[in-house]
Amino acid sequence: MGEDELLALPYLFEFWALDHQVPPEGMWRTWVIMGGRGAGKTRAGSEWVRSQVEGARPADRGAARRVALVGETFDQVRAVMVFGDSGILACSPPDRSPVWEASRRQLVWPNGAVAQAFSASEPEALRGPQFDAAWVDELAKWKKADDTWDMLQFALRLGEHPRQVVTTTPRTMPLLRKIMDLPSTVGTHATTEANRANLSDSFLEEVRARYAGTRLGRQELDGVLLMDVEGALWSLASIESGRLEHAPQLSRIVVAVDPPVTGHKGSDACGIVVAGVVAEGPPSEWLAVVLEDASVTAAKPTDWARAALEAMERYQADRLVAEVNQGGDLVEAVIRQIDPLVSYRSVHASKGKVARAEPVAALYEQGRVRHLRNLGKLEDQMCQMTTQGYQGSGSPDRVDALVWAIHDLMIEAGKGFRNPQVRTLL
């Protein structure tokens, strides 16, 4: 297809102009497009199939002749991938539009290319056919995902370099994580907001108000793959179940800091977490609330110190708590260089990260720590902290700061508490 023809198709030009839907370069085998609701995933899949069948893009080495269309059910393939508003037929220009052959469950293009429909509920149907391209839709919803995916991989064996595209709203499933971890996989993601020009304003306003800053919102609107790690001290589901829309009246607020060892571009982040506590009655009735993750990356000492002090000012915090294992007295010196009068407490880690985190995780299990919205990066780190250590990349700086904050507010403060109405056994 020449440039003049491309410009004559405004819908196609619009598709390729969207960065998150442009096929990545390189010799990848699987392109995973994760996106929020209404982000344009189906359109991306339809246009990619067209580009393979028609050889529309100069980078493509010939046109695909045999394509597999795999959805949750046959009805989903037909209603969404073929006949949907963003399906293959809707995206095809009249002179290159395929014909749907219902009895054979396939699309046939004027150039002889064929796209055959398959249901993920019948993985054995993929035993026998062979293809040089495949479009997999809503993988995360498949009930027989592993079996169907395996059969498709055996069938994808035609041509010089067979490829497949996966379009899905991300959900917690091991198969999707395994696919993303393969060196032959490339991934892109799109948010619902990225396609706002084609969505109802009232829809966007409603979902923003209800789900923005929540786990479900990050998954369904931001297209972020959220995974719980086996043996994790926290789970995203349990964190979400205790989500608060607004903070209650707090008795005390602290800002906790876990400073990085160095302050250059490749340094670990400086964990900065703001939390408060409702300290009414005995400690068993106290409630902590995590208010903000103010962590900064690639920051010099004066930069992260200033960020921590600005967080104190925003929340009128009572104390700044900082771990000094790495920096010793220099940590306090940097902070007091900016604010000599700040209420400050240094803490020293005498135990490992897991040992420090476990008492805090226990408070979460008791429902005594709650989160406000917009703490996604912190929560991701929390759900990768296991009894065997941190399973994520880098250092869990945000979790360390959280642990110090809750220790100061709940554990340390509760040690010396004596309720005169309750007898204490010594």
Side-chain angles (χ1 to χ4, degrees), residues 209 212-215 217 233-234 236 238-259 270-296 304-323 335 338-339 341-347 356-379 381-382 397-422:
T214 68
R215 177 182 187 271
L233 298 180
W234 292 274
L236 287 168
S238 64
I239 294 172
E240 192 62 48
S241 66
R243 183 84 61 190
L244 295 177
E245 291 296 321
H246 305 286
Q249 186 68 36
L250 299 169
S251 308
R252 189 164 164 267
I253 298 174
V254 301
V255 174
V257 182
D258 179 58
C270 175
I272 304 173
V273 169
V274 186
V277 65
V278 179
E280 298 178 358
S284 60
E285 297 178 3
W286 293 2
L287 177 70
V289 181
V290 183
L291 304 170
E292 182 183 344
D293 175 10
S295 303
V296 292
W304 58 251
R306 187 170 288 106
L309 290 168
E310 288 173 353
M312 285 194 72
E313 184 175 353
R314 280 197 301 277
Y315 290 91
Q316 296 298 297
D318 300 280
R319 176 184 286 176
L320 180 66
V321 179
E323 180 182 324
I335 292 170
I338 300 172
D339 185 351
L341 302 179
V342 64
S343 176
Y344 171 86
R345 177 188 172 216
S346 63
V347 289
R356 293 199 308 272
E358 285 179 330
V360 174
L363 292 174
Y364 276 82
E365 291 179 5
Q366 297 166 14
R368 296 171 59 195
V369 186
R370 305 293 183 86
H371 284 200
L372 296 187
R373 297 190 183 200
N374 300 313
L375 297 168
K377 292 182 179 180
L378 167 62
E379 292 165 358
Q381 281 195 358
M382 292 170 66
D397 311 283
R398 300 168 195 267
V399 174
D400 285 343
L402 167 75
V403 167
W404 287 124
I406 303 303
H407 260 280
D408 188 88
L409 291 169
M410 299 278 280
I411 298 174
E412 292 299 324
K415 285 180 179 178
F417 182 87
R418 294 291 184 272
N419 189 330
Q421 297 179 352
V422 178

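Distance check: Ser238 OG to Leu236 CG gives 7.5 Å after rounding to the nearest 0.5 Å. Taking CG from Asp258 and SG from Cys270, the interatomic distance works out to 7.0 Å, rounded to the nearest 0.5 Å. To the nearest 0.5 Å, the span separating OH on Tyr315 from CD on Glu292 amounts to 3.5 Å. From Glu310, atom CD reaches atom CG of Asp339 across 11.5 Å, with rounding to the nearest 0.5 Å. A distance of 9.5 Å separates CD in Glu379 from CG in Asn374, rounded to the nearest 0.5 Å.
Counting only heavy atoms from C-beta outward, the side chains of Val257 and Ile335 never approach each other to under 4.5 Å. Contact check for Val290 versus Val273: side-chain heavy atoms found under the 4.5 Å cut-off. Within the 4.5 Å cutoff, the side chain of Trp286 has no heavy atoms near those of the Leu363 side chain. Residues His371 and Tyr364 are in side-chain contact: their nearest non-hydrogen atoms beyond the backbone lie under 4.5 Å apart.
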Check: Could you go step by step and tell me if Glu245 and Arg373 meet the salt bridge (charged side-chain N to carboxylate O under 4.0 Å, His left out) rule?
Finding: CA-CA 7 Å; Glu245 291 296 321; Arg373 297 190 183 200; 2.9 Å; yes
Next item on the list: Check the pair Leu402, Asp293 against side-chain contact (heavy atoms from CB on, under 4.5 Å), reporting the backbone distance first and the verdict last.
Entry: CA-CA 9 Å; Leu402 167 75; Asp293 175 10; over 6 Å; no
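For Gln316 (side chain) and Glu313 (main-chain N/O), a donor-acceptor pair under 3.5 Å exists by modelled atom type. Here the side chain of Arg243 pairs a donor or acceptor atom with the backbone of Leu372 at under 3.5 angstrom. Between the side chain of His407 and the main chain of Arg356, a donor-acceptor pair closer than 3.5 Å is present.
Closest of all the heavy-atom pairs between Ile411 and Pro359 is CD1-CB, 3.9 Å. Taking each heavy atom of Arg314 and Ala294 in turn, the nearest pair found is NH2-CB, 3.9 Å. What you find for Ile272 and Trp304 is that their closest heavy atoms are CD1-O, 3.7 Å. Closest non-hydrogen pair, Val296 versus Ala307, comes out as CG1-CB, 3.9 Å. Annotation for Gln381 and Asp397: closest pair OE1-N, 3.5 Å, computed over non-hydrogen atoms. Closest of all the heavy-atom pairs between Ile338 and Ala305 is CD1-CB, 3.7 Å.
Looking at Arg368 and Glu285, no side-chain N of the basic residue comes within less than 4.0 Å of a carboxylate O on the acidic one, giving no salt bridge.
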Tell me which donor-acceptor pairs under 3.5 Å the side chains of residues 246-256 have, and how far apart each pair is, sequence neighbours excluded?
unit_1 : atom_1 : unit_2 : atom_2 : d
Ser251 : OG     : Ala279 : N      : 2.9
Arg252 : NH1    : Asp408 : OD2    : 3.2
Arg252 : NH2    : Asp408 : OD2    : 2.7

